[in-house]
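The structure under discussion appears below in the form of structure tokens.
Bear in mind the structure is a predicted one, so any value in this text is a computation, not a measurement.
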Amino acid sequence: MGRDTIADIITSIRNADTDRKGTVRLAFTNITEKIIKILLHEGFIENVRKHQEGKKFFVVLTLRHRRNRKGSYGTNLNLKRISRPGLRIYSNYQKIPRILGGMGIVILSTSRGIMTDREARLEKIGGEILCYIW
């Protein structure tokens with residue numbers, strides 16, 4: 001059985017954010033690189049470093065946290081996997097959902113690569129809905 005790399009990425013980031021860890025280490029793949037670029041561009045993570053151990057490449061993410069916050073910590077990064085290997089969810093560009101009225105983002109896998117919902121609407125292409133981030 002194959003592994004679901006997108007679910008691994010989402011779960012690792014969500015767990016690190018919940019535990020208030022500053023960094024996350026992920027295995028480097030092309031899909032990981034594209035999703036991390038989107039997260040970096042949208043401001044959900046602060047920094048990305050790529051390093052090599054032996055023949056394997058890894059990516060280390062620095063997460064963005066709310067600083068100077070008193071009381072309990074509520075996560076400010078919510079990720080939800082939508083399409084999965086057992087059930088693929090597709091949408092055309094007119095029916096791509098808006099998360100929190102446009103405050104969150106939807107990551108899609110289209111014929112032109114992995115992109116956000118805003119880019120897909122501008123280019124008028126649909127695709128597989130990978131995940132929601134808000």
Side-chain angles (χ1 to χ4, degrees):
M1 279 183 111
R3 293 183 48 168
D4 189 7
T5 57
I6 298 169
D8 291 343
I9 296 165
I10 290 171
T11 303
S12 298
I13 293 172
R14 185 186 315 117
N15 289 343
D17 187 58
T18 303
D19 293 341
R20 286 196 87 170
K21 292 186 177 179
T23 60
V24 180
R25 182 178 153 188
L26 301 170
F28 181 80
T29 62
N30 290 336
I31 294 173
T32 305
E33 180 183 24
K34 292 173 184 173
I35 290 176
I36 288 171
K37 281 183 181 179
I38 290 172
L39 291 174
L40 186 64
H41 183 264
E42 295 290 330
F44 290 107
I45 57 177
E46 286 183 10
N47 191 12
V48 178
R49 288 176 294 149
K50 182 178 172 183
H51 67 71
Q52 181 178 2
E53 289 180 8
K55 293 185 178 181
K56 294 187 178 185
F57 287 95
F58 294 96
V59 178
V60 178
L61 308 177
T62 305
L63 298 178
R64 178 166 288 176
H65 292 291
R66 291 186 222 166
R67 290 174 176 77
N68 302 326
R69 185 168 154 113
K70 296 180 181 174
S72 64
Y73 173 72
T75 60
N76 60 345
L77 182 61
N78 295 308
L79 299 110
K80 183 176 181 183
R81 177 79 157 117
I82 303 302
S83 185
R84 49 195 167 92
L87 178 64
R88 303 287 187 187
I89 307 293
Y90 296 94
S91 176
N92 63 8
Y93 77 95
Q94 297 165 335
K95 295 183 181 179
I96 296 172
R98 295 186 191 273
I99 307 303
L100 295 177
M103 296 294 290
I105 63 170
V106 177
I107 296 180
L108 296 138
S109 176
T110 67
S111 59
R112 296 186 190 154
I114 295 177
M115 61 179 65
T116 64
D117 56 337
R118 291 181 210 115
E119 295 169 349
R121 283 190 197 98
L122 286 174
E123 294 187 21
K124 295 187 177 183
I125 55 174
E128 180 184 353
I129 299 174
L130 298 178
C131 61
Y132 297 157
I133 303 170
W134 70 97

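Using a 4.5 Å heavy-atom cutoff, the side chains of Val106 and Ile129 are in contact. Proximity of Leu130 to Ile82: side-chain heavy atoms (C-beta onward) are nowhere separated by under 4.5 Å. Using a 4.5 Å cut-off on side-chain heavy atoms (C-beta onward), Asp4 and Arg81 make contact. Using a 4.5 Å heavy-atom threshold, the side chains of Ile114 and Ile38 count as touching. Looking at heavy atoms from C-beta onward, Tyr93 lies out of side-chain contact with Ile125 at the 4.5 angstrom threshold. For the pair Ile10/Asp8, no side-chain contact is recorded, criterion being any heavy-atom separation below 4.5 Å from C-beta on.
Grouping the Ile, Leu, Val, Met, Phe, Trp and Tyr side chains by contacts below 4.5 angstrom, directly or via other members, places Leu122 apart from Leu108. Under the 4.5 Å side-chain heavy-atom criterion for grouping Ile, Leu, Val, Met, Phe, Trp and Tyr, Val60 is not connected to Ile35 through any hydrophobic cluster. Cluster membership for Ile96 and Tyr90, using ILVMFWY side-chain heavy atoms within less than 4.5 angstrom, is not shared. In the hydrophobic clustering of ILVMFWY residues, with side-chain heavy atoms under 4.5 Å counting as a link, Ile9 and Phe58 come out apart. A single hydrophobic cluster is not seen to contain both Met115 and Ile105; linkage of ILVMFWY side chains at heavy-atom distances under 4.5 Å, directly or through other members, places them apart.
Counting all heavy atoms, side chain and backbone alike, Val24 lies closest to Ser12 at CG1-CB, 4.0 Å.
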Quiz prompt | side-chain contact (heavy atoms from CB on, under 4.5 Å) assessment of Leu77 paired with Ile13 | solution = CA-CA 9 Å; Leu77 182 61; Ile13 293 172; 3.5 Å; yes
Exercise. Tell me, with the steps shown, if Phe44 and Ile133 meet side-chain contact (heavy atoms from CB on, under 4.5 Å).
Key: CA-CA 9 Å; Phe44 290 107; Ile133 303 170; 3.7 Å; yes
Exercise. Decide side-chain contact (heavy atoms from CB on, under 4.5 Å) for Asp17 and Leu79; before the verdict, give the C-alpha distance in whole Å, the side-chain angles of both, and the deciding distance to 0.1 Å.
Key: CA-CA 10 Å; Asp17 187 58; Leu79 299 110; over 6 Å; no
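Evaluation of the side chain to side chain contact (heavy atoms under 4.5 Å, CB included) rule for Leu40 yields Ile45, Val48 as partners, not counting sequence neighbours. Judged as a salt bridge (charged side-chain N to carboxylate O under 4.0 Å, His left out), and not counting sequence neighbours, Arg49 has no contacts.
Atom-to-atom distance recorded for Ser109:OG and Lys34:NZ is 8.5 Å, nearest 0.5 angstrom. Taking NZ of Lys21 as the start and OG1 of Thr23 as the end, the distance is 8.5 Å to the nearest 0.5 Å. Here the straight-line distance linking atom CZ of Arg14 with atom CG of Asn78 works out to 8.5 Å at 0.5 Å rounding.
Residue-environment remark: NE2 (His51) exceeds the threshold of 12 foreign heavy atoms within 6.0 Å.
Proximity of a side-chain donor or acceptor of Gln52 to a complementary backbone N or O of Gly54 within less than 3.5 Å is detected.
Listed by first then second residue, pairs satisfying side-chain hydrogen bond (donor to acceptor under 3.5 Å, both in side chains) with a partner in residues 118-134 read Glu42-Arg118, Ser83-Glu128, Arg88-Glu128, Arg112-Glu123, Asp117-Arg121, not counting sequence neighbours.
Under the 6.0 Å distance and 45° angle rule, Lys50 counts as a cation-pi partner of Phe28.
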